[in-house]
Amino acid sequence: MFRKDRSDEPIYWGLFGAGGMVVAIALPVIILATMGLTHSLTDTVMFGEIILSPLPSLVFISLMILCTWHALHRVYHTLHDLNVHVGTLHHLVIYGLAALISLAFIVCWAILVFKNIF
Amino acid sequence: MADKIKITVQRYRPEQDREPWDQSFEVEYTRETSLLEALNSIKDTQEPTLSFRWSCRMAICGSCGMMVNGVPKLACKTFLRDYAGQEMRIEPLANFPVERDLVVDLSDFIEKLERIKPYIIPKKGESQPGEQREYIQTPAQLEKYRQFSMCINCGICYAACPQYKLNKEFLGPAALTLIYRYNEDSRDGGKEERMKLVNQDTGVWSCSFVGYCSECCPKGVDPASAIQLGKVESAKDYLISMFKKKGE
Amino acid sequence: MDVVKADVAIVGAGGSGLRAAIAAAELNPDLKVALISKVYPMRSHTVAAEGGAAGVVRDDDSLDYHFHDTVAGGDWLCEQDVVDYFVHNTTRELYQLEHWGCPWSRKPDGRINVRPFGGMKVPRTWFAADKTGFHMLHTLFQTSTKYKSIIRYDEHFVLDLLVRDNQVYGVVTLDMQNGVVRMIQAKSVIIATGGSNRCYRFNTNGGIVTGDGMALAYRHGVPLRDMEFVQYHPTGLPGCGILMTEGCRGEGGVLTNKDGYRYLQDYGLGPETPLGQPKSKYMELGPRDRVSQAFWQEQQKGRTIKTHLGDVVNLDLRHLGADYLEERLPFICELARAYVGVDPVKEPVPVRPTVHYTMGGIETNGRTGTRIAGLYAAGECASVGIHGANRLGSNSLVETVVFGRVAGEEAAKFAAENEHTDTAPLTQIAQESLDKALSLVSGERSESVSQIRNEMGDAMEEGIGIYRTDESIRKTIDKLTALKERYRNIKINDQSTIFNTDWLTAIELGFLLGNAEAMAYSALNRTESRGSHQRLDFTERNDEQFLKHSLATYNPDGAPSITYSDVKITKLPPAKRVYGIEAENAEKAAKAAAQNNGGNQ
Amino acid sequence: MDLEKSTRQPYVRPVDSTWWTKKGFYTAYMLREGTCLLVLAFVLEMLGFYIAALTGANGLWKFASFLGHPVMIAFNALVLVAVLYHAFTWFPLMPKALRVIVKDTKSGLYKLLDGKYLVILLFAALLGVTVGGIVLFYYPELLGRLLSPFGLVKSIVESQDPSSMPNGDTMKDVSKLVQDYIGK
């Protein structure tokens, strides 16, 4: 997409690698946290407080974005492994989806911060 | 009385057969008998037309790669004692066209080895040492590429690699390992030249790190590691090239 | 018939073939070099060489020492002018390999490391861990891809040379992959096909070492020189015959018999050197023929160890320690564990002498030229004259590059000076050779190729082994003659053309039988004991009568005729060949004598 | 034996797309790659959480209870298994992309830092972060005091139309009220 003389894979591979680390290290904690929400609203509020306050949520959504790119990179390659002849269309769709999800996170975060300041 | 084992070999004779067919044999073996010795005894006593490649019988020449129960192995380093009580199914090396019986067409693999410029390219502006002098290379510098220089070109990693099965354009484990071996040799200056091949989609970027090539490599060369190191180098190269002006 | 034209055709792509191809391509880039091999180049048997390559590099070493070791090691049957050229060019070629990327083992300061080797006065054997041949061959093959003027014909089986009025004009080959015959017309041909050790049943060599090149030249009238000298490597694994490099003993490994006694001291190689401190020319670092002969003597005395794979002695490496073994001899550990289930770190490795090298071969002059114009030979297949009656370990790997280069340059010069003759008559000769090879193929006959091969191997093992007698050699000769008769009646079931290994192994057997006969008759006529040719009925070395090369000349319908040619002695007059303490005393005496002469003048 | 015209006919074996079912090693690889679907699902859950938060506290609360639904708990447990399987396959591969040549003092040889040490190192990191995360979660005030100067959540709760929410001004009251509300 960007370079004709060589593969752009380093970009996606970089994101995939970072995402992989996040999934391996951070995701277990987060999943455990969400599973703990049944106890009480207070937990929810507390969880909400963490992931909705501007600074921590900025960290949180960047983790989620990295996980998104990691997951969709794997989806792209697994399609290839399942003998689907992936072309530029698949590339656009899959990585476009990743960009979309990332954008959604950022927009939500922006709105939350925007609403709160004004 | 030596034990017996049933060995089923996939046959294929281009003149007579439309497609491969199976032929089974019964072979006696002792603790030391290798599959290669068994195949040779079959050829000598039971089926002289059976054809396969072999030479050194000590796992160093790389001729006798074949599939044993679906796993790519060197026949000379596969022992019947490890298959006692089972059947052995012998097929030609996977992911290569079958020329005849257990002989495959390795020319794509050999051509790839030659395409990557597998020779020392002196560093620019640095002349090679004189006739009676050697490059100084400390054991630490040697260790950086030593493991990757042990590849015997048997093609087993190509048979093990699903990416090569799906896309024959992929340079493949051994060729990428050989590139890394020369790029990391302290005497070589040809890295920039070879990275052009590494950076392609058919270079390191076709590898999804299944890791089975390193699992099957009979000489412990670990091509999967060479490819990951290659990815790191290629990613660095990508970054650097971003800042370098286009015109350079 | 498909015809291809080239300037230089090289048969065999091992160490010598590849070096010759590179030398020809470098000397004259617009020459078309056809590199023909019956296997891919990296499968050539050079790959299995472990020990190392000799080249003077240490300050306390000298070309004279290397010259003296080689000539004495060869029991004075070496062409001393050729040995002189050899010792002057070894180090240069090994540095060239280093510049091409060969991963030689290094000293901590980054300089080339060398290790002690049998029969060498000063350590001068360069090594790449214990896979020197492997690394040299891969370096040469990979470097050869740099030269666009080298065109490779992989998996082409050479059926015959095209020789007309004593000049060679190319080869006729069978393209195994496509199943077609291809005539490669060339102005000069280099034979680099390696040894002929598969004549013996039990050997350290690969399946492809069937002396094809030797047989081809032999059949076209080129005599085979010194064929009776066949080297037994003292330490091969029992059963499979896989090589345990001499490097094991170079690094300090010791040989013990069933009582754990280091028996070599009883056979003129003593006194016993301390464990782990190998001393050049002493004990386990004696030359290969002496160490193999010591095994035979121990065997006669019943002091060898009986195993289900035959008589063995112990190669004990335990005192070297796991780390040292892993760094210096990793491949040996791997082989011992895989093939005889022994971990060298914990137990001694069972070994026995196995046939390893053919000292003799195609007679060539010092510049690798043969009696046929345009035909050159280099490496183990040739007898260029440096090994004499017994080759020292690590002289062969370096010989491939030193004389490979010479052959490449000579053939290139010859090709540049000559023009192609017209192709028609050559195709005629090629067709005749093809018909002769095809005549073997017939379904009706009855003899089994493998049966004849095994009987030949056993006959050679018994009759022309480490120790020979007139009677044992004659018995082998009778057997070989009978086998040649039965060979006319062999049955080849495979009528196909693609990878017809049934037919090819039959042709190889024909080559082996011819070479075996040359070995047998040469051994019969040399009624003396010299180097690796030891006679129980003629135990002494007889310089008056036998300081000569034996020449076996092909005779289509009978025994080869054996003649003799002189040995070039330049610097070193024949003397008693001594090792161990004797060698040291002899040396002191020689120095003392030199001082006296110096004093008087 | 016609050696003039070649009868070469290489047979190319078909490539089946179920190759990965034929060998345990490949199946384990595909499972490892397959974990990405569950990771993606969880990421979408978190996105859902954010979107719910936009609609205000009761949206947040509704979504939280949705996440608390047994089916979602089970699903998230599955995602957790997938993520741990990913971790267990991810960390052993890390040392392959790193060459650390060290001089082994005992034998004086240069050796590759063995992959095992790197893997143990990284697993320790994983364990540390997980335990740290759990502690911080259950004692958020530690985190709250550290990280939330704006007290975003309080403002959202207050800015909502009180009628739609059980009334109460401070966080403590709101949570108590909601607690009772759930209790009924």
Side-chain angles (χ1 to χ4, degrees), chain B residues 13-16 30-32 34 37 40 43-45 48-63 77 79 99-101 103 105-107 110 113-114 117-120 128-129 131-139 141-142 145-146 149-153 178 182 185 187-188, chain C residues 39-40 42-45 47-48 91-92 95-96 98-101 103-112 129 131 134-135 138 142-143 145-146 154 177 179 206-209 239-240 242-243 308-309 331 334-335 338-341 448-451 454 492-494 496-502:
Chain B
R13 292 159 306 176
E15 285 103 344
Q16 292 113 315
T30 63
R31 195 173 67 85
E32 283 83 18
S34 70
E37 281 160 21
N40 268 321
K43 185 176 174 59
D44 285 351
T45 54
T49 64
L50 174 64
S51 286
F52 48 90
R53 289 191 180 114
W54 71 283
S55 174
C56 73
R57 68 201 184 350
M58 55 193 263
I60 188 70
C61 74
S63 309
K77 208 173 174 193
F79 297 94
E99 288 289 0
R100 150 110 194 236
D101 293 346
V103 178
D105 175 10
L106 281 178
S107 40
I110 301 290
L113 285 180
E114 292 174 46
K117 295 187 169 59
Y119 39 79
I120 292 287
Q128 294 209 304
E131 247 184 30
Q132 295 289 347
R133 283 282 289 140
E134 74 264 53
Y135 283 98
I136 299 299
Q137 183 172 72
T138 61
Q141 286 172 317
L142 176 61
Y145 69 90
R146 191 181 56 75
S149 69
M150 294 297 177
C151 168
I152 60 175
N153 303 155
L178 198 53
Y182 273 101
D185 192 324
R187 300 165 284 197
D188 179 72
Chain C
V39 288
Y40 282 107
M42 76 288 284
R43 318 295 185 211
S44 311
H45 196 67
V47 82
T91 313
R92 178 170 67 125
Y95 276 125
Q96 173 63 80
E98 197 277 330
H99 299 166
W100 279 335
W104 297 110
S105 290
R106 304 281 176 152
K107 290 192 281 205
D109 65 358
R111 301 295 304 273
I112 295 286
K131 285 184 170 173
F134 165 82
H135 284 300
H138 277 250
Q142 286 159 12
T143 305
T145 60
K146 188 162 61 174
D154 293 333
Q177 187 168 24
I208 55 174
V209 185
C240 52
I242 287 175
L243 179 65
H308 66 290
L309 296 168
F331 190 38
E334 177 193 331
L335 291 175
Y339 290 95
V340 283
S448 136
V449 171
S450 58
Q451 194 61 32
N454 291 339
I492 295 177
N493 314 71
D494 196 344
S496 69
T497 58
I498 311 282
F499 274 104
N500 184 341
T501 46
D502 194 12

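By convention in this document, chain letters (A, B, ...) are assigned in the order of the sequence lines, proteins followed by strands, and residues within each chain are numbered from 1. Excluded from the calculations below are hydrogen atoms, water molecules and symmetry mates; all remaining heavy atoms, backbone and side chain alike, are included.
Annotation: maximal heavy-atom pairing with chain C below 4.5 Å, among B:Glu99, B:Arg146, B:Gln132, occurs at B:Gln132. Per-residue counts of heavy-atom pairs under 4.5 Å with chain B were compared for C:His308, C:Gln177, C:His45; the largest is that of C:Gln177. When the candidates C:Ile498, C:Val209, C:Asn493 are compared by the number of heavy-atom contacts under 4.5 Å with chain B, C:Ile498 comes out ahead. For chain C, the option among B:Glu15, B:Arg57, B:Gln16 with the highest count of heavy-atom pairs below 4.5 Å is B:Arg57. The greatest number of non-hydrogen atom pairs below 4.5 Å with chain C, out of B:Ser34, B:Cys56, B:Gly62, is found for B:Gly62. In terms of heavy-atom pairs under 4.5 Å with chain C, the best-connected choice from B:Asn153, B:Asp188, B:Leu178 is B:Asn153. Interface summary for chain C: among B:Asp185, B:Thr138, B:Val103, B:Thr30, the most heavy-atom pairs under 4.5 angstrom belong to B:Val103. Of the listed residues B:Thr49, B:Ile110, B:Asn40, B:Ile60, the one with more heavy-atom pairs under 4.5 angstrom with chain C than any other is B:Ile60.
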Item to check | Criterion side-chain contact (heavy atoms from CB on, under 4.5 Å) on B:Gln137 and C:Trp104, from CA distance to verdict | outcome: CA-CA 9 Å; B:Gln137 183 172 72; C:Trp104 297 110; over 6 Å; no

Item to check | side-chain contact (heavy atoms from CB on, under 4.5 Å) evaluation trace for C:Thr501 with B:Lys43 | outcome: CA-CA 10 Å; C:Thr501 46; B:Lys43 185 176 174 59; 2.9 Å; yes

Item to check | Check against side-chain contact (heavy atoms from CB on, under 4.5 Å), B:Gln141 and C:Arg106 | outcome: CA-CA 10 Å; B:Gln141 286 172 317; C:Arg106 304 281 176 152; over 6 Å; no

Next on the checklist: Run the side-chain contact (heavy atoms from CB on, under 4.5 Å) test on C:Ser496 and B:Arg13 for me, step by step, so that the C-alpha distance in whole Å, both residues' side-chain angles and the decisive distance to 0.1 Å come before the verdict.
Outcome noted: CA-CA 8 Å; C:Ser496 69; B:Arg13 292 159 306 176; 5.8 Å; no

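Only the backbone of C:Val340 has a heavy atom closer than 4.5 Å to any heavy atom of chain B. Proximity to chain B is limited to the backbone of C:Pro108, based on heavy atoms less than 4.5 angstrom apart. Contacts of C:Phe499 with chain B are made by both backbone and side-chain atoms, with heavy-atom separations under 4.5 Å. At a 4.5 Å heavy-atom cutoff, C:Gln451 makes no contact with chain B through either its backbone or its side chain. Residue B:Asp101 does not touch chain C at all, counting heavy-atom pairs closer than 4.5 Å. B:Gln128 touches chain C through its side chain: at least one heavy atom from C-beta onward sits under 4.5 Å away, while N, CA, C and O do not. Interface residue B:Pro14: only side-chain heavy atoms are found under 4.5 Å from chain C. Residue C:Lys107 touches chain B through its backbone alone, counting heavy-atom pairs closer than 4.5 Å. Only the side chain of C:Leu309 comes within less than 4.5 Å of a heavy atom of chain B; its backbone N, CA, C and O stay farther away. With a threshold of 4.5 angstrom between heavy atoms, B:Asp44 approaches chain C through its backbone and through its side chain. If you measure heavy-atom distances from C:Thr497 to chain B, the contacts under 4.5 Å come from both the backbone and the side chain.
Judged purely by atom type and a 3.5 angstrom limit, B:Arg187 uses its side chain to pair as donor or acceptor with the backbone of C:Gly101. Between the side chain of C:Glu98 and the backbone N or O of B:Tyr135, at least one donor-acceptor pair lies under 3.5 Å.
Between B:Glu131 and C:Tyr95 the shortest side-chain heavy-atom distance does not fall below 4.5 Å. Using a 4.5 Å cut-off on side-chain heavy atoms (C-beta onward), C:His99 and B:Ile120 make no contact. Contact annotation: the side chain of C:Gln142 never approaches that of B:Glu114 to less than 4.5 Å [non-hydrogen atoms, C-beta and beyond]. At a threshold of 4.5 Å between non-hydrogen side-chain atoms, the residues C:His135 and B:Ser149 count as touching. In this structure the side chain of C:Met42 never reaches within 4.5 angstrom of the side chain of B:Ile152, judged on heavy atoms. Contact annotation: the side chain of B:Met150 approaches that of C:Lys131 to within less than 4.5 Å [non-hydrogen atoms, C-beta and beyond].
With sequence neighbours left out, C:Ile208 forms a side chain to side chain contact (heavy atoms under 4.5 Å, CB included) with B:Ser55, C:Lys38, C:Val39. With sequence neighbours excluded, no residue satisfies side chain to side chain donor-acceptor pair (under 3.5 Å) with B:Arg31.
Summarising the geometry, atom CE belonging to B:Met58 is positioned 9.0 Å from atom SG belonging to C:Cys240; distances are rounded to the nearest 0.5 Å. Atoms CD1 and CZ, from C:Ile112 and B:Arg133 in turn, are 10.5 Å apart once rounded to the nearest 0.5 Å. Distance check, rounded to the nearest 0.5 Å: CG of B:Leu113 to NE2 of C:His138 gives 9.5 Å.
The heavy-atom pair separating B:Leu142 from C:Ser105 by the smallest distance is CD2-CA, 4.5 Å.
Residues B:Phe79 and C:Tyr339 bring their aromatic ring centres within 6.0 Å.
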